Amino acid sequence: MTNFPTIPGLKELQKQTKGASAITVAILDGVVDTDHPCFNGADLTRLPTLVQHQATAGQMSTHGTHIASLIFGQPNSDIQGIAPQCRGLLGLKRQIKIKSSIIVKE
């Protein structure tokens with residue numbers, strides 16, 4: 001896992017901003033375990049896809065959860081993300097495509 005404190009300038013940036021609810025960040029990756037404690041209080045929306053199950057301990061879910069936590073991990077949790085106050089859209093890669101701001105199932 002990336003050690004955020006070693007990224008040059010990150011601490012200074014986090015003192016200035018933690019993102020804003022007016023900003024939406026979309027993550028297209030594996031299924032995200034939104035029940036992970038680092039997401040408590042995060043504004044996350046799971047996009048409709050063909051996969052309706054919750055995250056499991058498999059590689060696809062582990063990766064999706066890891067990537068989402070790097071961005072949306074909440075302050076005072078084990079994983080503090082770089083933009084915890086932004087809204088998040090969570091989708092599965094290879095299962096949705098975005099066309100002119102319309103989400104279309106493949």
Side-chain angles (χ1 to χ4, degrees):
M1 179 179 289
T2 302
N3 186 355
F4 279 146
T6 63
I7 298 174
L10 182 62
K11 286 290 185 191
E12 293 76 24
L13 176 64
Q14 287 181 320
K15 288 177 186 174
Q16 294 176 25
T17 185
K18 298 218 184 278
S21 61
I23 299 170
T24 301
V25 178
I27 296 179
L28 303 177
D29 204 293
V31 178
V32 175
D33 179 6
T34 54
D35 291 331
H36 191 283
C38 76
F39 298 125
N40 287 342
D43 184 3
L44 302 176
T45 301
R46 191 171 166 188
L47 296 173
T49 68
L50 300 175
V51 177
Q52 296 301 314
H53 64 79
Q54 289 291 27
T56 63
Q59 184 177 5
M60 186 171 147
S61 296
T62 303
H63 190 267
T65 302
H66 173 78
I67 297 302
S69 70
L70 296 176
I71 297 171
F72 304 114
Q74 295 295 289
N76 303 316
S77 71
D78 289 344
I79 305 167
Q80 297 182 31
I82 60 174
Q85 293 177 0
C86 290
R87 292 181 300 152
L89 295 179
L90 308 174
L92 296 179
K93 63 183 175 182
R94 297 189 193 112
Q95 293 205 327
I96 63 170
K97 60 182 174 180
I98 299 175
K99 222 184 228 185
S100 303
S101 302
I102 299 172
I103 299 171
V104 182
K105 291 182 183 177
E106 287 188 326

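These figures come from a predicted structure and were not determined experimentally.
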Do you know which two heavy atoms are closest between [X] and [Y], and how far apart they sit?
| X | Y | answer |
| --- | --- | --- |
| P84 | Q74 | O-NE2, 3.0 Å |
| Q85 | G19 | OE1-O, 3.3 Å |
| F39 | T65 | CZ-O, 3.9 Å |
| F72 | G88 | CZ-CA, 3.4 Å |
| S69 | H66 | OG-O, 2.7 Å |

Taking side-chain contact (heavy atoms from CB on, under 4.5 Å) as the test, write out the residues that go with [X], two or more places apart.
| X | value |
| --- | --- |
| P37 | N40 |
| I23 | A20, V25, C86 |
| T17 | L13 |

Is it the case that the side chain of Q80 and the backbone of D78 share a donor-acceptor pair, with hydrogens and angles ignored and the cut-off at 3.5 Å?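 No; judged by distance alone, with no hydrogens or angles, the pair does not exist.
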
Is it the case that the side chain of R87 and the backbone of S21 share a donor-acceptor pair, with hydrogens and angles ignored and the cut-off at 3.5 Å?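 Between the backbone of S21 and the side chain of R87 there is a qualifying donor-acceptor contact (under 3.5 Å).
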
Any side-chain heavy-atom pair from R46 and V32 closer than 4.5 angstrom?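 When only atoms from C-beta onward are counted, V32 and R46 do not touch, as no gap falls below 4.5 Å.
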
Could you point out which residue of I27, V31, D29 forms a side-chain contact (heavy atoms from CB on, under 4.5 Å) with L92? V31

